[in-house]
Each structure stands twice: as structure tokens, then as C-alpha cells.
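Beneath this line is the structure, given in C-alpha cells, with notes to follow.
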Amino acid sequence: MAHLQLDLLLTETGYKPKQQQRLRVYLTNSLEESHPDTGTLFANWLSAEANEANHIKRDTPVMCVIGNPPYSVSSTNKGEWIQNLISDYKKNLNERKINLDDDYIKFIRYGQHFIDKNGEGILAYISNNSFIDGITHRQMRHELLKSFDKIYILDLHGNSKKKETAPDGCIDQNVFDIMQGVSINIFIKTGKKKKDELAKVLHHDLFGRRQFKYESLNQFSINQISWQNIHLDAPNYFFVKKDLELINHYSKWFSVAEFFKIFSTGIESKCDDIAISFNKTSVKNILSDFQELSSQELLKKYQRPNSKGWSYENAKIDIQNNKPEIIKISYRPFDIRFSAYTGFSSGFMGRPRNDTMRHMIHENLAISSTRSRRNDASCYFITQNITDKSISSSLDNNYIFPLYLYNDTTQNTLDKQAIRTPNLNQEIVEQIASKIGLSFTDEKEDIQGTFAPIDILDYIYAVLHSPNYRETYKEFLKIDFPRVPYPADTKSFIELAKLGAQLRQIHLLESPSIEQFITEYPEDGDNIVEKPIYKDGNVYINDSQYFANVPDIAWNFYIGGYQPAQKWLKDRKNRALNFEDILHYQKIIKALSETHRLMQSVDDILNIESS
């Protein structure tokens with residue numbers, strides 16, 4: 001087809017081919033190495049094609065590699081040759097999860113290989129743009145910097161998952177009909193760069209509507225674009241401008257990933273519609289089905305196919321062998337649901353994260369945080385249950401940092417004999433103690449001159465809710481776990497811990513203040529949630545019923561990537577709210593209003609620039 005189309009196009013231009021001249025376009029899998037033996041059945045069928053393609057791969061100097069590589073996180077191109085090449089991008093990352101097997105990344109590595117092999121040339125792709133500032137792509141960027149002389153990044157943005165907008169607030173659209181943002185990347189190698197020298201990176205943003213982007217791309221040449229020279233900083237080597245002037249100050253603080261010894265991403269059930277329910281009764285009925293029905297009968301009833309990491313058969317085995325306990329799960333902000341938990345991987349839950357979550361089936365607290373963020377949302381929340389990986393963001397994995405570790409390995413939450421110890425880095429605890437002049441105790445004691453793990457957690461939680469902190473250090477908070485300033489003195493530590501405690505109790509809906517409702521639910525009806533609408537200070541759940549006097553700040557308030565006042569109702573579409581649900585929603589509105597007030601109070605105490 002390629003030959004036919006190109007021949008038709010060339011004929012239209014008046015081109016007349018010489019006798020039996022073939023166009024040098026070959027059918028091959030680019031991500032596979034050249035094959036010395038083309039004697040297979042397929043190769044005999046296309047022997048000339050295969051041999052010519054192998055010749056290009058093996059012997060022909062390649063000076064220009066261009067294209068629009070496919071984007072596929074779950075790549076099926078796992079040949080040994082490309083896997084070995086891509087390993088250069090994964091060296092010394094020490095990450096729990098490395099998302100570097102996307103096809104577009106393999107094609108960048110493929111193109112780099114041929115340009116390096118030739119010694120000079122140009123690699124030009126329009127591709128997924130996540131590699132230009134992704135935290136796990138830092139080694140990839142470093143390898144590209146070592147290989148090429150000059151790198152142009154024309155960032156076309158258009159990431160609908162991030163809900164990107166232009167700097168002037170206008171809509172930003174993708175140049176393709178996809179959700180993932182893209183960029184035009186031009187990598188130039190002259191062969192004249194010194195061995196230890198890194199490439200020069202030039203970057204330009206192009207926001208706006210699709211048609212505007214098309215017109216701009218047609219209008220300007222590479223030399224007419226106002227390129228911004230990117231200052232490169234190890235170890236991340238971002239290909240975009242980052243406000244990193246405060247890095248020396250910020251790096252002196254302690255990271256939550258250093259402070260909490262054990263942590264992991266939250267639970268990934270792989271089957272939320274089955275494993276997670278609104279009430280205990282539903283979980284009991286599901287467990288009964290999995291004990292009594294065959295896998296085929298379950299598939300027919302629940303209409304959910306098996307998937308990678310979860311199957312009806314494994315779920316049945318887990319339930320029958322491990323006697324699951326029905327417990328609460330923190331699913332989304334202010335949204336506590338129920339599930340059956342055993343801790344068995346690839347069972348009723350696909351990824352229960354038992355190494356961390358087994359400590360949350362006892363009396364405990366944990367802070368949730370993303371490591372990196374694909375938008376400006378600050379994804380921090382408190383939990384006291386096993387916790388879903390998307391508790392405060394559906395775009396990025398949420399990590400769970402328990403306050404205590406329990407010594408038992410069972411799931412018996414009624415075991416009062418289980419001994420717990422603080423899940424804290426003792427060296428950092430001692431530094432905090434020396435700064436505030438108090439003695440540390442493993443448990444909270446009513447003794448003057450002491451502080452406990454809960455006080456540090458509350459202090460951290462207050463800092464993470466400082467608007468000034470979030471704005472000043474937003475570039476750092478996008479790329480790694482948050483770092484927290486050491487307390488300046490005893491007074492500020494105690495005051496911030498007190499505010500953090502209030503925020504914690506409000507977010508757990510345990511504070512007496514949330515019982516003082518600021519909303520009403522004045523109309524009777526069937527209480528069925530249809531399409532929630534905010535109008536004139538009221539939240540309508542259907543045509544006639546509404547929550548009255550809901551502040552705009554509460555309705556639009558964000559926790560992470562969610563607006564809880566909106567999401568909680570949307571997640572209950574077509575369900576009838578019971579009496580407890582109605583009270584619960586009123587508590588959410590009060591909690592969001594109080595959160596906004598307390599966040600301003602944190603800034604009155606926290607002087608982050610002098611910490």
C-alpha cells in the first residue's frame with residue numbers, strides 16, 4: 001500500500017520512474033534487530049522485502065529518523081534487542097515502578113540507536129510529551145543529552161487529563177483526537193560535541209485551540225520560533241523550565257519518603273465494581289456468591305471479564321482459603337466504603353499492598369500523598385483505613401504512609417495484644433526533638449515537655465495544607481514526594497500541630513465542629529441523585545430536592561484532583577440517599593468550609609522562607 005500510494009503521488013508530480021526502480025520503503029518491525037536468517041516461511045514469502053529491510057538495519061547509514069511513533073503503555077514489543085536498548089533509560093533509577101516501556105519511548109531509543117551508530121544525523125518525532133518532565137524519565141533525558149548536540153522541544157500540550165489551559169485562561173486543545181499531550185521533538189547530532197558535554201536544550205510552548213496550533217506550525221520555521229534555552233540541573237535534567245531557585249533551601253528539609261520507613265501505593269483492587277461496595281450487606285452478598293457459584297456463573301451474573309491481575313477463579317480461591325474480613329476502605333475524600341480483605345495478591349483484590357495495608361487494619365493513621373503530579377492539584381489527605389490508590393487523584397498513584405507498624409501478621413483487627421511501634425526515621429525524629437526542645441515518646445502521653453508520633457503527623461499535615469507552601473514550592477511538589485521544613489521552634493511546632501490536628505479530625509469527620517451544619521435539606525422526595533447542579537447557593541440532586549445554603553468555596557473546593565462536594569454526589573448517581581447519607585453530605589460541606597478557613601490560619605504561623 002505504501003508503494004502504491006507513493007507511486008500515485010509521484011505520478012501526479014510528473015515523475016517518471018526508471019525501469020523496475022523500487023521505492024526504498026520496506027515492510028519490517030522497526031523494534032526488532034536485523035535477522036541474519038530470512039529462511040522462515042514468512043521470510044520466503046517476502047524474502048526480497050525481508051532481506052532489503054535487514055540490509056538497511058544492518059549496513060546502511062541512517063542519518064534521519066522521522067515519524068509519529070505509537071503510544072502504548074502496555075507495549076507488546078518486548079523483543080530482546082529493544083529491551084536491551086531501553087535498559088539504558090532505566091539505569092540506577094531505584095524506583096518502585098518504572099513506566100518506561102511505552103512504545104513511543106522504545107521508538108525514541110530505536111532512533112537514537114541508529115543516529116549514534118551513524119555518528120551524526122537527526123531524529124525528529126511528534127510523540128507523547130510525558131518524557132520531557134516525567135520524574136522516572138530522568139535517566140532517559142540524561143542519555144539523550146549525552147548522545148545529541150542540540151535538542152528542540154516544541155511542546156504542543158493538549159493534555160485533557162491534566163485539564164490544561166492556555167496561560168491566558170483560554171481553552172487548550174490537542175492537535176490529535178487523543179487525551180495525552182504531545183510535543184514535536186528534534187534531536188540533532190553533529191559528531192562534533194565533546195565527549196562529556198551535554199546537549200543544548202531549546203524549548204517552546206504552544207497553547208491554544210487546535211486550528212491555531214495548525215496555523216502556527218504551518219507559518220513558522222524552526223528558526224522563527226522564540227526558543228527558550230533550558231538550564232539543565234542534575235539529576236532530573238528537565239526539558240522544560242522549572243522554577244528551581246529555592247532548591248538549596250528546599251533540599252535541606254526532610255522528605256516524607258525518608259521520614260516514614262514503610263509505605264506503598266494504595267490498594268488497586270482491579271475490580272472496584274465487585275471488590276468495593278457502599279455497605280457491608282452488599283459485600284456479604286458478593287462473598288456468598290463467590291463461595292457458592294462457579295466462575296462461569298459469576299461471570300454471567302456480574303458481567304465483568306477477567307483482567308490482568310484479577311480473575312473469578314483466583315478470587316474464589318482467596319475467599320475460600322483465607323476467610324476475608326469485611327472492613328472499611330478509604331476510597332475517595334470523605335467516601336468510606338467496604339470491602340473484603342485478606343491481603344492475598346491477585347485474589348479478591350488484585351493488589352492489596354499487604355506489606356503496608358496490614359498495618360492499617362488496626363488502629364492507625366496514615367497520610368496519603370502522590371509522588372509526582374500531572375497537574376497543580378496538591379494531593380494530600382488523611383486516612384485511618386486500608387486505602388485506595390486513587391484516594392485523592394485518579395491521574396497519579398497515591399502513596400500511603402502509616403504512622404505505626406504492628407508486629408502481628410494476621411488480619412484480626414480485634415487483636416488488642418498487637419504491639420505497635422512508630423513507623424518513623426529515628427534520626428529525623430531526634431533532629432526535630434533537638435530543634436523544639438522536647439522529649440519524644442512512642443505514644444501520646446499527658447506529660448509536659450514531650451511529643452509523640454501523632455504530633456509530628458499533625459505538624460506535617462498542617463504544613464502540607466499551607467497555601468503559601470503549596471504555591472512557593474509547587475514545582476518541587478510536582479516532581480517528587482513533599483519535603484517538610486524542620487520546626488523553627490517549640491511554639492510554632494505546637495501551634496502548627498494543633499492546626500494539623502484540627503484538619504485531621506475534620507477530614508476524618510470526627511471533629512465536633514462538623515456537627516454544626518451550615519446547610520439544610522428542606523424538601524421531601526425519593527432522594528434519588530440524578531444530575532447534581534449548583535444554583536444560587538443550592539445543590540440540587542434532582543428537580544425538586546436540594547441542599548440549601550452551600551457555600552461556593554465548599555462546592556468548588558479541591559482535595560487533590562477531586563472536588564469532593566461534587567464527586568461524592570456524582571458517584572451516587574441513580575442511588576437514593578438515606579438519612580445517614582444526607583447527614584454525611586452536610587458534614588462534608590462543613591468540613592470543606594472549615595478546611596479553607598484553617599488553611600489560611602496555617603499561613604499565619606508557618607514562615608516557610610525562614611524555616
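Here the structure is a predicted model, which is why all the values come from computation and not from measurement.
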How far apart are the C-alpha atoms of Leu298 and Lys301, what are their side-chain angles, what is the distance that settles it, and do they pass the side-chain contact (heavy atoms from CB on, under 4.5 Å) test? CA-CA 5 Å; Leu298 288 168; Lys301 179 171 182 176; 5.8 Å; no
Using the ring centroid of each side chain, check whether [X] and [Y] are separated by less than 6.0 Å.
{"X": "Phe481", "Y": "Phe260", "result": "no"}
{"X": "Tyr312", "Y": "Phe348", "result": "no"}
{"X": "Tyr331", "Y": "Phe278", "result": "no"}
{"X": "Tyr486", "Y": "Trp253", "result": "no"}
{"X": "His362", "Y": "Tyr406", "result": "yes"}
{"X": "Tyr380", "Y": "Tyr461", "result": "no"}
{"X": "His359", "Y": "Tyr404", "result": "no"}
{"X": "Phe547", "Y": "Trp555", "result": "no"}
{"X": "His465", "Y": "His596", "result": "no"}

NZ/NE/NH1/NH2 to OD/OE distance under 4.0 Å, [X] and [Y]:
{"X": "Glu594", "Y": "Arg597", "answer": "yes"}
{"X": "Arg572", "Y": "Asp581", "answer": "no"}
{"X": "Glu495", "Y": "Lys498", "answer": "no"}
{"X": "Lys323", "Y": "Glu325", "answer": "no"}
{"X": "Lys435", "Y": "Asp489", "answer": "no"}
{"X": "Glu515", "Y": "Lys587", "answer": "yes"}

Decide yes or no for [X] and [Y]: does some side-chain heavy atom of the first lie under 4.5 Å from some side-chain heavy atom of the second?
{"X": "Leu403", "Y": "Pro422", "answer": "no"}
{"X": "Phe401", "Y": "Leu457", "answer": "no"}
{"X": "Arg337", "Y": "Ser277", "answer": "no"}
{"X": "Phe451", "Y": "Ile436", "answer": "yes"}
{"X": "Arg371", "Y": "Asn397", "answer": "no"}
{"X": "Leu93", "Y": "Leu100", "answer": "yes"}
{"X": "Ile386", "Y": "Ile267", "answer": "yes"}
{"X": "Val539", "Y": "Gln566", "answer": "no"}

Is a side-chain donor-acceptor pair under 3.5 Å present for [Y] with [X]?
{"X": "Asp604", "Y": "Ser601", "answer": "no"}
{"X": "Ser288", "Y": "Asn285", "answer": "no"}
{"X": "Asn314", "Y": "Asp318", "answer": "no"}
{"X": "Thr387", "Y": "Thr383", "answer": "yes"}
{"X": "Ser251", "Y": "Arg483", "answer": "no"}
{"X": "Asn354", "Y": "Tyr341", "answer": "yes"}
{"X": "Asp603", "Y": "Ser466", "answer": "yes"}
{"X": "Gln545", "Y": "Tyr521", "answer": "yes"}
{"X": "Tyr250", "Y": "Glu475", "answer": "no"}

Measure from the side-chain N and O atoms of [X] to the backbone N and O of [Y], and report whether any donor-acceptor pair falls under 3.5 Å.
{"X": "Asn549", "Y": "Thr519", "answer": "no"}
{"X": "Ser393", "Y": "Ser390", "answer": "no"}
{"X": "Ser282", "Y": "Asn279", "answer": "no"}
{"X": "Gln563", "Y": "Phe557", "answer": "no"}
{"X": "Lys535", "Y": "Tyr540", "answer": "no"}
{"X": "Asn538", "Y": "Tyr546", "answer": "no"}
{"X": "Lys270", "Y": "Ser307", "answer": "no"}
{"X": "Lys573", "Y": "Ile528", "answer": "no"}
{"X": "Thr472", "Y": "Tyr469", "answer": "no"}

Within 45° of the ring axis of Trp310 and under 6.0 Å from its six-membered ring centre, is that where the NZ or CZ of Arg304 lies?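 Arg304 over Trp310 ring: yes.
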Flag this pair as yes if the NZ/CZ of Lys567 is under 6.0 angstrom from the six-membered ring centre of Tyr562 and inside a 45 degree cone about the axis; otherwise no.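 Ring-cation test returns yes.
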Is it true that, when you exclude Glu520 itself, more than 12 heavy atoms of the residues, nucleotides or ligands shown sit nearer than 6.0 Å to its CD?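 No, the 6.0 Å shell around CD holds no more than 12 heavy atoms from other groups.
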Take a 6.0 Å sphere around NZ of Lys444 and say whether it holds more than 12 heavy atoms from other residues, nucleotides or ligands.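 Yes, the 6.0 Å shell around NZ holds more than 12 heavy atoms from other groups.
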Going by the ring pair (Phe, Tyr, Trp, His ring centres under 6.0 Å) test, name the single residue among Phe517, Trp568, Phe579 that passes it with His584.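 Exactly one option meets the ring pair (Phe, Tyr, Trp, His ring centres under 6.0 Å) with His584, and it is Trp568.
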Smallest separation among heavy atoms of [X] and [Y], with atom names:
{"X": "Asp388", "Y": "Arg332", "answer": "OD2-NH1, 3.0 Å"}
{"X": "Asp526", "Y": "Ala576", "answer": "O-CB, 3.8 Å"}
{"X": "Glu443", "Y": "Pro453", "answer": "N-CD, 4.4 Å"}
{"X": "Ser593", "Y": "Pro551", "answer": "OG-CG, 3.8 Å"}
{"X": "Thr342", "Y": "Pro324", "answer": "CG2-CB, 3.4 Å"}
{"X": "Ser339", "Y": "Ala275", "answer": "OG-O, 2.6 Å"}

Worked verdict on Phe334 versus His507 for side-chain contact (heavy atoms from CB on, under 4.5 Å): CA-CA 7 Å; Phe334 306 111; His507 291 169; 4.0 Å; yes
Could you check Tyr302 against Asp273 for side-chain hydrogen bond (donor to acceptor under 3.5 Å, both in side chains), going step by step and ending with a plain yes or no? CA-CA 9 Å; Tyr302 289 98; Asp273 48 341; over 6 Å; no
Verdict with reasoning, Phe254 to Asn425, per side-chain contact (heavy atoms from CB on, under 4.5 Å): CA-CA 10 Å; Phe254 65 89; Asn425 182 319; over 6 Å; no
Check step by step if side-chain contact (heavy atoms from CB on, under 4.5 Å) holds for Arg353 and Arg351. CA-CA 6 Å; Arg353 311 297 187 195; Arg351 294 177 179 174; 3.6 Å; yes
Sole residue of Ser369, Ser368, Ser392 in side-chain hydrogen bond (donor to acceptor under 3.5 Å, both in side chains) with Asn398: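 For Asn398, the side-chain hydrogen bond (donor to acceptor under 3.5 Å, both in side chains) test succeeds with only one of Ser369, Ser368, Ser392, which is Ser392.
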From Ser264 atom OG to Asp355 atom CG, the distance as rounded to the nearest 0.5 Å: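 With rounding to 0.5 Å, OG (Ser264) is 7.5 Å from CG (Asp355).
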